[in-house]
Trainee: 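If you scroll down you'll find the structure; I have some questions about it.
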Protein chains: 2
Amino acid sequence: MPETARQIADDLRARIESGELLPGDRLPGEPSLVKTYGVAKMTANQALKILVSEGLAVARPGSGTYVREFRPIRRVANDRLSKSRWNAGRSIWSADVDQRPLVTDVQVYEAEAPHQIGRLLNLEPGVPVIVRSRKFVVEDRPVRIATSYLPADLVRDTAIAQPNTGPGGSYARLAELGAEPVHFAEELRARMPSEEERAALDLATGTPILEICRTAFTEDERPVEVNQMLLDAGSYVLEYRLSS
Amino acid sequence: MPETARQIADDLRARIESGELLPGDRLPGEPSLVKTYGVAKMTANQALKILVSEGLAVARPGSGTYVREFRPIRRVANDRLSKSRWNAGRSIWSADVDQRPLVTDVQVYEAEAPHQIGRLLNLEPGVPVIVRSRKFVVEDRPVRIATSYLPADLVRDTAIAQPNTGPGGSYARLAELGAEPVHFAEELRARMPSEEERAALDLATGTPILEICRTAFTEDERPVEVNQMLLDAGSYVLEYRLSS
DNA sequence: GAGTGGTCTAGACCACATC
DNA sequence: ATGTGGTCTAGACCACTCG
C-alpha cells in the first residue's frame with residue numbers, strides 16, 4: 001500500500017485540526033512513526049516534511065517537529081475615511097495591532113534606477129535614485145524587508161539620503177519639499193521565497209511571502225517614491241479599507 | 001559531500017534565473033541528473049522537488065518537470081478617488097487585466113451564521129444567513145473560490161437567494177433594498193493551501209493561496225455582506241489604490 | 001514499449017539539541 | 001550520551017505519458 005507518507009500526514013493533520021495537538025505541541029517523531037506505522041524512517045521523514053511544507057508544522061533539528069504557532073501582525077492600509085469606526089474592532093483573524101517594530105540593517109545609497117522602478121517613478125532611463133533598504137524586527141523575528149526608491153534629484157540633499165530621516169520619517173521630509181505623498185497604489189502578490197529571501201527573513205520552510213510594491217503620489221499625481229516590501233506571510237494580516 | 005540535492009537545485013535554479021531555461025522548458029530529468037551528478041535517483045527526485053516546492057517548476061508525471069509559467073490576472077480594488085489616472089498603465093508585474101471569468105459550481109443555501117462571520121455582520125449568535133459559494137474559472141484554470149454571507153432576514157426573498165442574481169449582481173439587488181454597499185474592509189493573508197483547497201483550485205504543489213475576507217458596509221456603516229475568497233496566488237496580482 | 005516522476009525500503013552517517 | 005531531524009544510497013515497483 002503506497003501513499004503511506006500522505007496518509008500519515010493526513011492522520012497528523014487531522015489531529016492538529018481537531019485540536020488534539022495544539023500550537024507549540026511536539027508531533028510524534030520519526031522513530032515513533034516508524035514503529036506505529038511500520039514504515040521506513042525516510043517515509044516517516046517525508047510525512048513530517050509534508051506537514052512542514054503545508055505550513056502546519058515546524059521542524060527543529062535535534063529536538064522535534066512542532067505544531068506551528070500563527071501570531072500575525074496587523075498592517076492597516078488606511079484610506080481617508082478610515083478614521084470612522086466602521087468595522088471597528090471586528091476582524092476575522094485575531095492579530096496583534098501594529099506593534100512598533102525595531103528597524104535594523106539600514107542601508108542608504110545612490111544608484112541608477114532599476115528599469116521597472118524607473119518606469120514607476122516616471123523617470124528617464126539611467127536617472128539616479130536614492131535607495132533606502134531596511135529590515136523590521138518584531139519580538140526577535142525579522143518580519144519585513146523594505147526597499148524604497150526616490151528620485152535622487154529631489155531628495156539628495158535632505159535627511160532622506162541619511163540613514164536617520166528625522167521625526168516623521170521620509171514622508172515628513174517629502175512634505176517639507178512640497179511633495180507630500182497622498183495617493184498610494186499597491187501591487188501585491190504572494191509566492192514562495194527564494195533561498196536568499198528565506199534566509200533574510202529567517203522563514204521556516206513552507207512559509208510563503210507577501211511581496212508588495214507601493215508607489216506614492218503627490219496631490220498633483222507625481223510619483224515620488226516606490227517601496228518594495230517583502231513580508232513573512234506567517235507574520236502578517238493585511239487590512240485594506242476602501243470606499244466606492 | 002552531503003547537501004547534494006540542494007546543490008543540484010541551486011544549479012538548476014541558476015539556469016532558470018539566468019534565462020537559459022525559459023518558462024515552459026523541460027528541466028533535465030531524474031535519470032539525467034543521476035548520470036551527470038553521480039547521485040541516487042531519489043536524490044535527483046528531491047532536487048527537483050525543491051524547485052517544485054519553491055514554485056519555480058511544475059512536475060508532470062510521465063512527462064517531465066518544467067519551468068513554471070507565471071501569467072497572473074490583475075484584480076484592482078478601487079478607492080473612490082482612483083478614477084483619476086494616476087499610475088495609469090504602469091505596474092511592476094505584467095498581468096492580464098481582469099478577463100471575464102467563467103462562474104461555476106454555484107451553490108446557494110440558508111444556514112446559521114458561522115461564529116466569526118456572524119460577528120463581522122453584527123448579528124446575534126444563531127441568526128440565519130444566506131450563503132452563496134461559487135468558483136471562477138479562467139482559461140480552464142480554476143483561479144478563485146468565493147463564499148458570500150448575507151443576513152437572511154435582509155435578502156431571503158430577493159434574487160440574491162437565487163443562483164442567478166440578475167443584472168448587476170447581488171450588489172445591485174442590495175441597492176434596490178436600500179442597502180447599497182459603499183465601504184469595504186478587506187483582510188488578507190497568504191498561506192499554503194490544505195489538501196482540500198489544493199484539489200479545489202487544482203494547484204500545483206508549492207503554490208500558496210491568498211485568503212481574503214471582505215466585509216461590505218452601507219453608507220450608514222451597516223455590514224451587509226461578508227465575502228471570503230481563496231485565490232490561487234500564482235494567478236493573481238492584487239492592486240489597491242488608496243488616498244490618505 | 002520506453003521513459004518519466006512518485007514512492008517505498010533498509011540501512012547508513014551527520015550535526016545538532018537536550019539532558 | 002541519547003535522541004532528533006536531515007540526508008544519502010541502491011535498488012525496487014507503480015502509474016502515467018508519449019511516440
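Every chain is numbered from 1, with letters handed out A, B, ... down the list of sequences.
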Trainee: Look at the side chain of B:Lys41 and decide which nucleotide, out of C:dT7, D:dG5, D:dT7, has an atom nearest to it.
Mentor: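 Among the listed nucleotides, the one closest to the side chain of B:Lys41 is C:dT7.
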Trainee: Passes side-chain contact (heavy atoms from CB on, under 4.5 Å), A:Ile212 versus A:Leu238? Steps please.
Mentor: CA-CA 11 Å; A:Ile212 302 178; A:Leu238 309 186; 3.7 Å; yes
Trainee: Rounded to whole angstroms, how far apart are CG on A:Leu51 and P on D:dG6?
Mentor: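 Nearest whole value for this atom pair: 12 Å.
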Trainee: Return the nearest nucleotide to the side chain of A:Met42; candidates are C:dT9, D:dG6, C:dT18.
Mentor: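 Of C:dT9, D:dG6, C:dT18, C:dT9 is nearest to the side chain of A:Met42.
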Trainee: With nearest nucleotide decided by heavy atoms, which residue, B:Arg26 or A:Arg60, maps closer to the 5′ end of DNA chain C?
Mentor: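 It is B:Arg26, whose closest nucleotide lies nearer the 5' terminus.
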Trainee: Can you identify which nucleotide, out of C:dG5, D:dG5, C:dT9, has its nearest atom closest to the A:Ala59 side chain?
Mentor: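 So the side chain of A:Ala59 is nearest to D:dG5.
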Trainee: Please report, rounded to the nearest Å, how far the C1' atom of C:dT4 is from the CG atom of B:Leu27.
Mentor: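 So the CG-C1' distance, B:Leu27 to C:dT4, works out to 13 Å.
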Trainee: Considering only NZ, NE, NH1 and NH2 on the basic side and carboxylate oxygens on the acidic side, decide whether A:Arg189 and A:Glu187 come within less than 4.0 Å.
Mentor: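 Salt bridge: no.
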Trainee: Among C:dC8, D:dT9, C:dG6, which is the nearest nucleotide to the side chain of A:Thr4?
Mentor: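 That would be C:dC8.
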Trainee: Which residue lies toward the 5' end of DNA chain D, A:Ser63 or A:Lys49, if each is placed at its nearest nucleotide?
Mentor: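 Result: A:Ser63.
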Trainee: Tell me whether A:Asp25 contacts the main-chain N or O of A:Leu22 through its side chain, where contact means a donor paired with an acceptor under 3.5 Å.
Mentor: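 Yes, A:Asp25 side chain to A:Leu22 backbone: donor-acceptor pair under 3.5 Å.
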Trainee: By nearest atom, which of the nucleotides D:dG5, D:dT7, C:dC8 is closest to the A:Thr43 side chain?
Mentor: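 Of D:dG5, D:dT7, C:dC8, C:dC8 is nearest to the side chain of A:Thr43.
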Trainee: Could you point out which residue of A:Arg144, A:Arg191, A:Lys135 forms a salt bridge (charged side-chain N to carboxylate O under 4.0 Å, His left out) with A:Glu197?
Mentor: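 With A:Glu197 as partner, A:Arg144, A:Arg191, A:Lys135 yield a single salt bridge (charged side-chain N to carboxylate O under 4.0 Å, His left out), made by A:Arg191.
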Trainee: Could you check how far CG of B:Asp10 sits from P of D:dT7, rounded to whole Å?
Mentor: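 Atom CG in B:Asp10 sits about 12 Å away from atom P in D:dT7.
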Trainee: Can you tell me if the side-chain N/O atoms of A:Arg6 get under 4.0 Å from OP1 or OP2 in C:dG6?
Mentor: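 For C:dG6, neither OP1 nor OP2 has a side-chain N or O of A:Arg6 closer than 4.0 Å.
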Trainee: Can you tell me how far P of D:dC8 sits from CG of B:Leu33, to the nearest Å?
Mentor: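 For the pair B:Leu33 CG and D:dC8 P, the rounded distance is 13 Å.
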Trainee: How many whole angstroms separate atom CG of B:Asn45 from atom C1' of D:dG11?
Mentor: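 In whole Å, D:dG11 C1' and B:Asn45 CG are 14 Å from each other.
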Trainee: Can you check the A:Glu30 CD to C:dA10 C1' distance for me, whole Å?
Mentor: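 My rounded result for the distance is 14 Å.
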Trainee: What is the distance, to the nearest angstrom, from the CD atom on A:Gln46 to the P atom on D:dC8?
Mentor: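 So the two atoms are 12 Å apart, to the nearest Å.
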Trainee: Return the value, rounded to whole Å, for the distance between atom CD1 of A:Ile50 and atom C1' of C:dG6.
Mentor: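 That distance rounds to 11 Å.
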Trainee: Let me confirm one number: the OG1-OH distance from B:Thr165 to B:Tyr171, rounded to the nearest 0.5 Å.
Mentor: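 Answer for the OG1-OH pair, B:Thr165 versus B:Tyr171, is 11.0 Å.
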